[in-house]
Every structure is written in structure tokens, then in C-alpha cells.
2 protein chains.
Amino acid sequence: MARTRHKQQKDRHQEILDAAARVITDRGLAETRIQDIAERCGVSPGLILYYFESKDRLLVEALTYANDKYYLEQSRELRRIPSARRQLERLIELSVPGLLDRYERLEEWALWLEIWVRALRDPSLAREREVLDRRWRQSIADIIRHGRETGEFPDGPDADELGLELGALIDGLAVQVLLNDTVVTPERMKEVCMRVAARLVGFAVEPASSAGDTIS
Amino acid sequence: MARTRHKQQKDRHQEILDAAARVITDRGLAETRIQDIAERCGVSPGLILYYFESKDRLLVEALTYANDKYYLEQSRELRRIPSARRQLERLIELSVPGLLDRYERLEEWALWLEIWVRALRDPSLAREREVLDRRWRQSIADIIRHGRETGEFPDGPDADELGLELGALIDGLAVQVLLNDTVVTPERMKEVCMRVAARLVGFAVEPASSAGDTIS
DNA sequence: CTCGGATTTGAACAGCCAGTCAACCCGCGC
DNA sequence: GCGCGGGTTGACTGGCTGTTCAAATCCGAG
């Protein structure tokens, strides 16, 4: 049947994209071979090119696909939190590579680096990246707006502006943490982000924002 | 003579490193071939491997070599400025990809991205990167300390802490600008950096920090 | 001028890997 | 049970590129 066929094909598509994202995280974009992806799927190399017209297309698709998935997960989790203050804290926690579950976040940030490098020479990926990034800044701005509505945050600079500033700060610090900087540890990154957010947005830092309970 | 030989060899070394850095900027690390570097030097491919034991070593060396060069140039320029306030502004200007001379800064940031990606899987490069990065943060912190001594800046949070915060902010924004984000233009990045620096360090933003004269 | 070692060349080698393809498998509808 | 068509395989190829190497060249010393 067309439906089952179509469904199966869609599954394979996603399966391959997932596998590709994993391999890219493990070996790096430059070292990723079709064979690796095929092995990860338990499938022959030929099949990969049956579903994707070229390795390049597959890799680019995998990059944005994976990042999109992560964003949606994060977004869903944040929406369940009522307090803007806690939303912001959670967003920061989720952004620190290796603070929560070891693997997922590291993977996400590693993929970001690969996207950045590739986007330097791939205009279409550059455009997609901009969309993803704008959405990410916006989610920060939305939290701030929400907090101002509920009165948790005072009025202040434009929320979008703050989103840009905090987003950039998080990006910059995440790179350090991801690369295992000995000075910028995950815990330190969280503290710095919270402190700067407090100063820029204008709320009081809680004395002990226990990070202990966040480690699964 | 040993001396002339040695000197010549050193020149060739640097010549090759420079050429490699250029090629990496143009084609990307992953697409850089030995042949490209040889052509850029007007030399045969074999010679490249006569001076460097492998392509990988050469590439890694080229990355840190070039960044080191840029840092030293920047450092020299900043030291000539007496006012801490202006030092900070100049540092920010120099950090915005494409704000001043089009090429050099773009090159520098593109190389940073390549370093980051490569450092993910090359521990020795990761260590070198940390040194380079720490030095960069430190130069911000030093400016702040200097400004506090001269009274240009008020006392406030730890200078090293501020160096980390501003450094991360600049890193994060520079990535956006480098990738041609339509929202984060070079001019906007400078404004944002200056405004946040003013808020965090505690000085007044000058009304019109004319960016016009900075465009050569 | 001549010798000798460093430098330089370019051709050859070897391994790797994306992409192709003909054959095979398998489940479905008839 | 039979044929059909999409799914799957794995061997093959063609090109590319890092690396090696023997020969050629250059240049300074004696």
C-alpha cells in the first residue's frame, strides 16, 4: 500500500538522519563517511544513497534536523514551567553543555559548531542557521516579556535586545565549556549566566541555585 | 652556511604557514589540499611535506600561528591608546567581523570556528586554544583594571569575571555577524557590545560613537 | 671550478570513499 | 502461486589526494 510504503520510507529517512547526526557528533562532520552512517543503521552503504541524493545533502539535512529536534524538546519542557524566573534558569541550565545529562547537550553544541563552519561556505545552510538562531533568541525574549507581564521582572531594555545579548553570552560561554576549558566549568557557566541575566534583566540572584538536583 | 640555510628554512616555514592560513580561510579547513597551499606558495606539493611532517600537523600549526599573529597585532595597537575607555572601544571594534578592513577580521574569526571544531577531537589543539582564549579574556580584564586605576571606570565586579562575560558576548555576537545574520549587522554588534560593556563595567555610553570614521 | 649537502621537483604509489548498478529479496495484490 | 515493484545489497569504479622517492637543481665552501 501507498500508505505503509510511504510511512516506512519516512521512518527510514528519519532513522538515517538520526544516525547521521550521531555519527557527526562522534566523528565530526569532516570525518563522517557514508559507511559509518550505514553501519549505525545496520544497513548497507548503498541504501543511504537510495534515500538521499548525495552525502552532502544528507549531512546538511541531518544538522538542521537534529537541532530542530532539540529545540522542540527544550521548548516543550520550558512551556510547562509557570514562573518566568524559573523558565530562564531552566533555559540556561539546558544550554550548559554537560551540566544535565552528559550526552544530549554536548551533541547539540557540537552540531552547532559544525553548522557554523559549514554555513561559512553554504549560503542555503547559512539561511537556515539564521532562522534557527533567531528562534532561539526569541525564546529568551519571550521569557522576559512573560516575566514582565507577571511582574516577576521589572521593565527595562527592549526584550529582543536582551534576548540577543543573553543568547550571545550563552553561545560564547557554551563554546568554552564544550571545549573543556579548565576555567569555564559547566557550574561556572551557569553562575555567570544567571548573574549577568540578573544584572541585565533586573532581578535578584537567588543565594543558592542548587544545581545538585538537576543532575540526573 | 648553517645560518643562511637556517634563516631560509624559517622563511619557508612561515611562508607556508601563511599560505596555509589563507587557503584555510578561503576554502575551509576540510577542503584544504596540500596542492592548494603549494600553489599559493608557487612551489611543488612535495616541498610542503619536506617542511612539515604531515598535512595535519601543518594545518594545526597554521591555525594557531595565524591567530597568534592577529593577537599580537591587536595587542600592539591597543597598547598605543592611553584611555581605557577608548581601548575597550577599540578592542570591540577590532572584534567585529568586517567592521574595519573587510578581510583580516573575517579571516581571523573564520579560523576561530575551524579551531573550535578541530579542538573538539584534537586534545592538544584544545589545550592551545584554551591558552589563546584565556589570553584574549585577560586582555579585556587588563583594560578594565587599567581603567579603574585611572578612575575612568568605577569599582565593581571582579575584572576577570567581566573579561569572561564580555569575551563570551563578543564571541557569540561575532559568530552571528560572521555568518551574515541580517539582524546582527556589524554596526549593531558594536552598539550592543558597547551598551552591555557600559552597563556591566559601569560607564556612560557616549551618545554618538561615530562608526563612520572607522570604515576605511 | 668542483664537490657535497640542502632544497626542490614531479612522477608514481597507495589507500580511501562517494556514487553506480545489476542482481536479489520480499511482501502485496491478483 | 505468481508476478510486480519498491527496497536492499554489495561489489565495482573512477577520481582524488596524501605521501614517498629518486632524480635534478641550487648554492656556498674550499
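- The nucleotide whose nearest atom lies closest to any side-chain atom of R33(B) is, among dT20(C), dT17(D), dT19(D), dT17(D).
- Rounded to whole Å, the distance from CD on E53(A) to P on dA18(C) is 16 Å.
- Between the NZ atom of K55(B) and the P atom of dC16(C) there is a distance of 15 Å, rounded to whole Å.
- In this structure, D36(A) places its CG atom 13 Å from P of dC16(C), rounding to the nearest Å.
- With respect to the salt-bridge test (charged N to carboxylate O, under 4.0 angstrom), the residues E31(B) and R121(A) do not qualify.
- With respect to R127(B) and E130(B), no salt bridge is recorded, no charged nitrogen being found less than 4.0 Å from a carboxylate O.
- Nucleic acid contact for L47(B): base, since at least one base atom lies under 4.0 Å from a heavy atom of the residue.
- Put simply, the side chain of I115(B) does not reach to within 4.5 Å of the side chain of V60(B), judged on heavy atoms.
- Projected onto DNA chain C by closest heavy-atom contact, I34(A) and P45(B) fall at different nucleotides, the more 5' of which corresponds to P45(B).
- The interatomic distance linking L58(A) (CG) with dG19(C) (C1') rounds to 13 Å, in whole Å.
- Straight-line distance from the CZ atom of R27(B) to the P atom of dC16(D): 12 Å, rounded to whole Å.
- Nearest-nucleotide assignment on DNA chain C puts the 5′-proximal partner with E31(A), out of G46(A) and E31(A).
- Considering only heavy atoms from C-beta on, M189(B) comes within 4.5 Å of I170(B) through its side chain.
- The side chain of Y51(B) has dT7(C) as its nearest neighbour among dT7(C), dT19(D), dG7(D).
- Nucleotide dG19(C) holds its P atom 11 Å from the CZ atom of R57(A), rounded to whole Å.
- Checking dG18(D), dT8(D), dT8(C) against every side-chain atom of R12(A), the shortest atom distance belongs to dT8(D).
- Between R12(B) and E15(B) there is a salt bridge, with a side-chain nitrogen of the basic residue lying less than 4.0 Å from a carboxylate oxygen of the acidic one.
- Per the geometry, CG belonging to L49(A) stands 14 Å off C1' belonging to dT13(D), to the nearest Å.
- Between the CD1 atom of I48(A) and the C1' atom of dC17(C) there is a distance of 14 Å, rounded to whole Å.
- At dG19(C), none of the side-chain N or O atoms of Y50(A) fall inside 4.0 Å of OP1 or OP2 (strictly under the cut-off).
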